[in-house]
S.K.: 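Here it is, the structure, as structure tokens.
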There are 2 protein chains.
Amino acid sequence: MEEKLKQHIQKLVPLTDHEFVKVLSYFSFENYGKKDFLIRQGEKVNHCYFIVSGLLKLVLVDQDGKEHIISFAMEDWWESDFSAYFMQTNASMALQTIEPTSVYALPLENYHALSSAFPKMQCFFLMKSNLGHIASQNRIVSFLTSDAKGRYEQLLKTHPALFQRVPKTLLASYLGVSRETLSRLSS
Amino acid sequence: MEEKLKQHIQKLVPLTDHEFVKVLSYFSFENYGKKDFLIRQGEKVNHCYFIVSGLLKLVLVDQDGKEHIISFAMEDWWESDFSAYFMQTNASMALQTIEPTSVYALPLENYHALSSAFPKMQCFFLMKSNLGHIASQNRIVSFLTSDAKGRYEQLLKTHPALFQRVPKTLLASYLGVSRETLSRLSS
DNA sequence: TTATAATTGTGATGTATGTCACACTTGAAC
DNA sequence: GTTCAAGTGTGACATACATCACAATTATAA
């Protein structure tokens, strides 16, 4: 499981075993069961997470009590309420497991310490952030250019595994359509 | 106009005058008229841009020839087709001026050179990227949680100036609704 | 100025999608 | 196994929004 994080970082920046051991010391390893909260809406956000295994949802509950899925987070992803994490404000969304999940957690102080101690890691975080920004923009594009059916088909193509692992209600919420409409699209 | 960039950077990282002069040398200053293209869909993307003055649209034309506005870019913003810029692929969207515009352009080689020569600048880019990621995620949230009217009112609250500077057709395209619907919302 | 294009408002109508209701199935807990 | 909750499909109906059409107004250029 250390290997997972090591290989993940090494895909973008070279890192000796010795360096990695030091890098790893900035993180803490944590295990969660099903439906556990890593972040609760309205509370402080102390960590961002690298997901070793499992599956989570980044979710926002609106005034009407309706749940909206901003993102699913799976193996090899980084997730948090990044706005609340970086700005040190209260979480506007929750991060909750769908399946039992193992993560490496990185406190904000350590994020900064790690970035200054290892320029390579700052470079790594920069690349990750750029990729995250691009991914979000693609999602915006899919809202602008596609209707429910188009977005459904894109998701089916890019993340077929999700349709096995996640209840349709959650997929519908991620796509921005009602459960019923999604059901009709897939039949 | 150098001042604009200097103050913008100094809002996030401290920089001596001497350092800034060196930083500035990585950029080239460019002027554009109305409706000029900085990036054309399908072509290589060589620069990202800091906007000193003016107004642009980041826009995608789909198969049906319909135009979708991913983003407006105004003074003090950074813009590009970041996916194409970083991955060195062809642009999936165009960047075009709405008003006459002045920018500082940064070639990708210089982006990397600047980041290694000035750790502070890498830190700056990291913060900017994080903020960009967060902004995109907020836009996604607005698509998930709000209908056309809600998104219209949010935009009116956060960027009232746009309603003076930009034709309603473009605002509609940004909001993901038809021109006619936007017209009815505002009356 | 005059001519032409760009921008905007508004009615009539079609369609995609949401909402409510209910039944059926599947899986989890005791 | 029995029980209960979670997940799913589908009909009937309501509604938000798109599309098409046209007129009116405002910029832009010759």
Side-chain angles (χ1 to χ4, degrees), chain A residues 32-36 55-57 59-69 72 96-100 140 142-156 160-187, chain B residues 32-37 54-57 59-69 72 96-100 140 142-156 160-187:
Chain A
Y32 293 91
K34 211 171 169 174
K35 298 200 178 180
D36 284 354
L55 182 61
L56 308 99
K57 58 182 178 181
V59 73
L60 182 153
V61 178
D62 67 20
Q63 301 94 338
D64 309 336
K66 213 167 150 185
E67 167 169 306
H68 304 276
I69 304 232
F72 293 109
Q96 186 183 15
T97 62
I98 297 174
E99 300 172 2
I140 291 172
S142 82
F143 275 110
L144 288 175
T145 61
S146 308
D147 58 7
K149 187 166 195 172
R151 297 201 297 281
Y152 165 78
E153 280 160 2
Q154 274 181 254
L155 184 63
L156 193 57
L162 278 182
F163 288 76
Q164 314 310 323
R165 293 171 78 177
V166 174
K168 302 294 165 62
T169 310
L170 295 185
L171 287 180
S173 162
Y174 175 84
L175 289 170
V177 295
S178 68
R179 183 187 68 74
E180 294 89 336
T181 297
L182 178 61
S183 171
R184 287 174 179 118
L185 286 176
S186 42
S187 58
Chain B
Y32 293 92
K34 211 171 170 175
K35 299 201 177 177
D36 285 355
F37 284 91
L55 181 61
L56 308 98
K57 58 182 178 180
V59 73
L60 181 153
V61 178
D62 67 19
Q63 302 93 337
D64 309 336
K66 214 166 149 185
E67 166 169 308
H68 304 277
I69 303 231
F72 294 109
Q96 186 183 15
T97 61
I98 296 173
E99 302 172 359
I140 292 171
S142 82
F143 275 110
L144 289 175
T145 61
S146 308
D147 58 6
K149 187 166 194 172
R151 296 201 298 281
Y152 165 78
E153 280 160 1
Q154 275 181 255
L155 185 62
L156 193 57
L162 278 182
F163 287 76
Q164 314 311 323
R165 293 172 79 177
V166 175
K168 302 294 165 61
T169 310
L170 295 185
L171 287 179
S173 162
Y174 175 84
L175 290 169
V177 295
S178 68
R179 184 187 69 75
E180 294 90 335
T181 297
L182 177 61
S183 170
R184 291 187 242 268
L185 286 176
S186 41
S187 58

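Here the structure is a predicted model, which means the values were calculated and not measured. Below, all heavy atoms of this structure are taken into account, side chains as well, without hydrogens, waters or symmetry copies. Letters go in sequence order (proteins before strands), and every chain restarts at 1.
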S.K.: Name every donor-acceptor pair, under 3.5 Å, that has one atom in a side chain of residues 165-175 of chain B and the other anywhere in the protein, sequence neighbours excluded.
M.R.:
unit_1	atom_1	unit_2	atom_2	d
R165(B)	NE	E99(B)	OE2	3.0
R165(B)	NH2	G54(B)	O	3.3
R165(B)	NH2	E99(B)	OE1	2.9
S173(B)	OG	E67(B)	O	3.0
S173(B)	OG	I69(B)	N	2.9

S.K.: Can you tell me how far apart CZ (F163(A)) and CG (L182(A)) are? Round to the nearest 0.5 Å.
M.R.: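 Here the interatomic distance stands at 6.5 Å.
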
S.K.: Which letters describe nucleotides 4-19 of chain C, given B = protein heavy atom under 4.0 Å from base, S = only from sugar-phosphate, - = neither?
M.R.: ---SBBBBB----SBB

S.K.: List for me each residue that meets side-chain hydrogen bond (donor to acceptor under 3.5 Å, both in side chains) alongside S183(B), sequence neighbours excluded, and say none if there are none.
M.R.: none

S.K.: If we fit an axis to the first five pairs and another to the last five of the helix from dT1(C)-dA30(D) to dC30(C)-dG1(D), what angle do they make, to the nearest 10°?
M.R.: 60°

S.K.: Between CD1 of I98(A) and CG of L162(A), what distance do you get to the nearest 0.5 Å?
M.R.: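 Atom-to-atom, I98(A):CD1 and L162(A):CG are 8.0 Å apart.
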
S.K.: For D62(A), which residues count as a side-chain hydrogen bond (donor to acceptor under 3.5 Å, both in side chains) partner, sequence neighbours excluded?
M.R.: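 Counting only residues at least two positions away or on another chain, D62(A) forms a side-chain hydrogen bond (donor to acceptor under 3.5 Å, both in side chains) with H68(A).
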
S.K.: Tell me, please, which residues at least two apart from Y32(B) pass ring pair (Phe, Tyr, Trp, His ring centres under 6.0 Å).
M.R.: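 If we apply the ring pair (Phe, Tyr, Trp, His ring centres under 6.0 Å) test to Y32(B), skipping adjacent residues, there are no hits.
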
S.K.: Where is the tightest heavy-atom contact between L144(B) and F143(A), given as atom of each residue plus distance?
M.R.: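 Nearest pair, atom of L144(B) first, then F143(A): CD2-CZ, 3.7 Å.
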
S.K.: Apply side-chain hydrogen bond (donor to acceptor under 3.5 Å, both in side chains) to T97(A) and list each qualifying residue two or more places apart in sequence or on a separate chain.
M.R.: none

S.K.: For DNA chain D, note the earliest and the latest nucleotide, 5' to 3', having some atom under 4.0 Å of a heavy atom belonging to chain A.
M.R.: dG7(D) to dA12(D)

S.K.: Once side-chain hydrogen bond (donor to acceptor under 3.5 Å, both in side chains) is applied, do any residues pair with S186(A), and if so which ones, sequence neighbours excluded?
M.R.: none

S.K.: Not counting sequence neighbours, which residues clear ring pair (Phe, Tyr, Trp, His ring centres under 6.0 Å) with F37(B)? List them please.
M.R.: none

